[in-house]
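Following: one structure in C-alpha cells, then a few remarks.
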Amino acid sequence: MSESKILVTGGAGYIGSHVVRMLTGAGRPVVVLDNLSTGFRDAVIGAELVEGDTGDKALVSKVLADHNVDTVLHFAAHTIVPESVEKPLKYYGNNTCCTRNLLECCSEAGVKHFIFSSTAAVYGIPEDSMCTEDSPLSPINPYGTSKLMSEMMLRDLGKATDMRHVILRYFNVAGSDPEGRIGQSTEKATLLIKVAAEVAVGKREQLYVFGTDYPTPDGTGVRDYIHVDDLADAHIKAVDYLAGGGASVTLNCGYGHGYSVKEVIDSVNRVNGTSIKVIEEARRAGDPPALIAKADRAREVLGWTPRHDDLDFIVKTSLEWERKLAG
Ligand SMILES: NC(=O)c1ccc[n+]([C@@H]2O[C@H](COP(=O)([O-])OP(=O)(O)OC[C@H]3O[C@@H](n4cnc5c(N)ncnc54)[C@H](O)[C@@H]3O)[C@@H](O)[C@H]2O)c1
Ligand SMILES: O=c1ccn([C@@H]2O[C@H](COP(=O)(O)OP(=O)(O)O[C@H]3O[C@H](CO)[C@@H](O)[C@H](O)[C@H]3O)[C@@H](O)[C@H]2O)c(=O)[nH]1
C-alpha cells in the first residue's frame with residue numbers, strides 16, 4: 001500500500017496554500033485537490049496538485065484511494081459574504097452539496113480524521129459581539145448558513161461512524177507568509193485588509209468604508225483579524241490532535257480582540273507611510289456589526305499559541321505580498 005497522505009481540498013487557495021506549505025515544510029506528505037476556480041497552481045508548495053472538483057465523486061474516491069488518505073483538511077469553498085447574498089444557490093451548491101459529496105466519499109473510503117474550515121459567520125449577530133463556541137448559531141447570510149449545514153453533516157456523520165473531526169471556525173484571516181513565498185492573490189478581492197493593501201500600492205484608487213453607523217466605538221465594523229500563519233499552525237496541531245486520538249471538537253480561531261475598519265485603515269497608513277483615499281458608504285448587506293472570538297478553547301485543546309497577534313505585522317505582510325504581486 002502507498003504512503004498515507006493528507007488530502008487538502010482547496011489547497012491552491014489563500015489559506016489552504018499556507019497550510020500546505022507548513023505541512024510539507026514539516027515533512028508531511030500531502031495531496032491537494034483544487035479546481036482552481038479561485039486558487040493558483042503555483043501557490044501549491046511541496047505537494048502534488050490534482051486539478052478537479054470536490055463535487056466529482058469518482059475523482060474524489062480515486063484520490064482518496066490512490067493516496068491512501070486517512071486525514072482530510074477541507075478548505076474548498078466559495079467564501080465571499082456579499083456574493084452569497086446575491087447568489088445563494090451557488091454557495092449552497094459548492095459549500096454544502098459538494099461537502100456532502102466529499103463526506104460521502106470519505107465515509108466510503110474509511111477516512112478517520114476530518115478538519116473543516118468553518119467560519120465566524122455561523123454566529124450571525126452575537127448578543128455581546130464576543131462568540132464562544134457555544135454561542136447561538138444564527139447566520140445572517142447564505143455563506144454562513146452553507147457552512148453551518150456542513151458542520152451539522154459532519155457532527156451527524158461523527159455520531160454514525162468512527163470518523164472524528166475538528167471544526168475550526170475562523171474569524172477574519174489576513175496577512176501572508178512572513179517569508180514572502182505565498183500570499184493572498186485572489187482576483188477582485190473584497191476582504192478589507194487585502195483591498196486596503198491594494199489601495200496602498202496603487203492597484204485601486206480608494207477604499208470604501210461600508211457603514212459608519214454601527215453600534216461600535218467608532219461606528220465602523222469590528223472584526224478579529226488573525227494572521228494566516230497562526231491559523232495554519234492551528235491546522236497542524238489539529239492534525240496531530242486527531243492522530244493522537246482526540247475527540248471531535250469545534251474551536252474558534254481568533255485572537256480574542258477586534259479592530260474597527262478605521263483602525264485597520266490607520267494601521268495601513270502607519271505601516272505604509274501613506275494616507276490612502278477613503279470613501280464612506282452605506283452598510284454592506286449581510287454584515288454583522290462586530291465579530292470577536294472567545295478563543296481559549298483552541299489554546300487549551302490544541303496547545304495552540306499564536307505568534308503574530310499584532311495588527312501592524314498582519315498589515316505589513318499583506319503589503320509586502322501586494323508589492324510583490326504588483327511586480
Ligand atoms: N478568508 C477568510 O477570512 C475566511 C474566514 C473564515 C473561513 N474561511 C474558509 O476558509 C476556506 C479557504 O478560504 P480562502 O480564503 O483560502 O479562499 P480561496 O478562495 O482562496 O480558497 C478556496 C480554494 O478552494 C478551491 N475550490 C473552491 N471550490 C472548489 C471545489 N468545489 N472543488 C475543488 N476546489 C474548489 C478554489 O479554487 C480555491 O483554491 C474556505 O472554506 C472559507 O470558507 C475563510
Ligand atoms: O472594502 C471593504 C471591505 C470590507 N469592509 C468592512 O470590513 C469588515 C470586514 O469585512 P471583510 O474583510 O469583507 O470580511 P467579512 O465580511 O467579515 O468576512 C470574512 O470573514 C468571515 C469570518 O468573520 C469569513 O467567514 C468570510 O469568509 C470572510 O470573507 C466589515 O465590517 C466590512 O463591512 C469595508 O468597509 N470595506
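Numbering of residues begins at 1 and proceeds along the displayed sequence. Remember, it's 1-based here, ligands and their atoms both numbered in the order they're listed.
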Item to check | Exercise: do T250 and E133 side chains pair donor with acceptor under 3.5 Å | outcome: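 Note: T250 and E133 side chains miss the donor-acceptor criterion.
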Checklist entry - Under the criterion side chain to side chain contact (heavy atoms under 4.5 Å, CB included), which of V268, V199, I279 is the partner of L207? => result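 Of V268, V199, I279, side chain to side chain contact (heavy atoms under 4.5 Å, CB included) with L207 is met by V199 alone.
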Checklist entry - What residues sit with at least one heavy atom under 4.0 Å from ligand 2? => result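 Lining ligand 2: T79, V81, T119, A120, Y143, Y170, F171, N172, T190, L191, L192, L207, Y208, V209, F210, G221, R223, Y225, V261, R284, D287, L291.
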Next on the checklist: Using the ring centroid of each side chain, check whether Y225 and H227 are separated by less than 6.0 Å.
Outcome noted: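 No, the ring centres sit 6.0 Å or more apart.
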Is [X] salt-bridged to [Y], cutoff N-O under 4.0 Å?
{"X": "D230", "Y": "R307", "value": "no"}
{"X": "R297", "Y": "D134", "value": "yes"}
{"X": "D287", "Y": "R284", "value": "yes"}
{"X": "R155", "Y": "E151", "value": "yes"}

Checklist entry - Can you name the residues that come within less than 4.0 Å of ligand 1, going by heavy atoms only? => result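 Contacting ligand 1 under 4.0 Å are G10, A12, G13, Y14, I15, D34, N35, L36, S37, T38, G39, G52, D53, T54, F75, A76, A77, T79, N94, S117, S118, T119, Y143, K147, Y170, F171, V173, L191.
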Next on the checklist: Listing request: all ring-ring contact (aromatic ring centres under 6.0 Å, His included) pairs with a residue in residues 85-106, at least two apart in sequence or in separate chains.
Outcome noted: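 Residue pairs passing ring-ring contact (aromatic ring centres under 6.0 Å, His included), neighbours aside: H78-Y91.
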Below 3.5 Å, can you tabulate the donor-acceptor pairs from side chains in residues 106-116 to any protein atom, sequence neighbours excluded?
residue	atom	partner	partner atom	Å
E108	OE1	K57	NZ	3.3
E108	OE2	K57	NZ	3.2
K112	NZ	G110	O	3.1
H113	ND1	T71	OG1	3.3
H113	NE2	R164	NH2	3.0

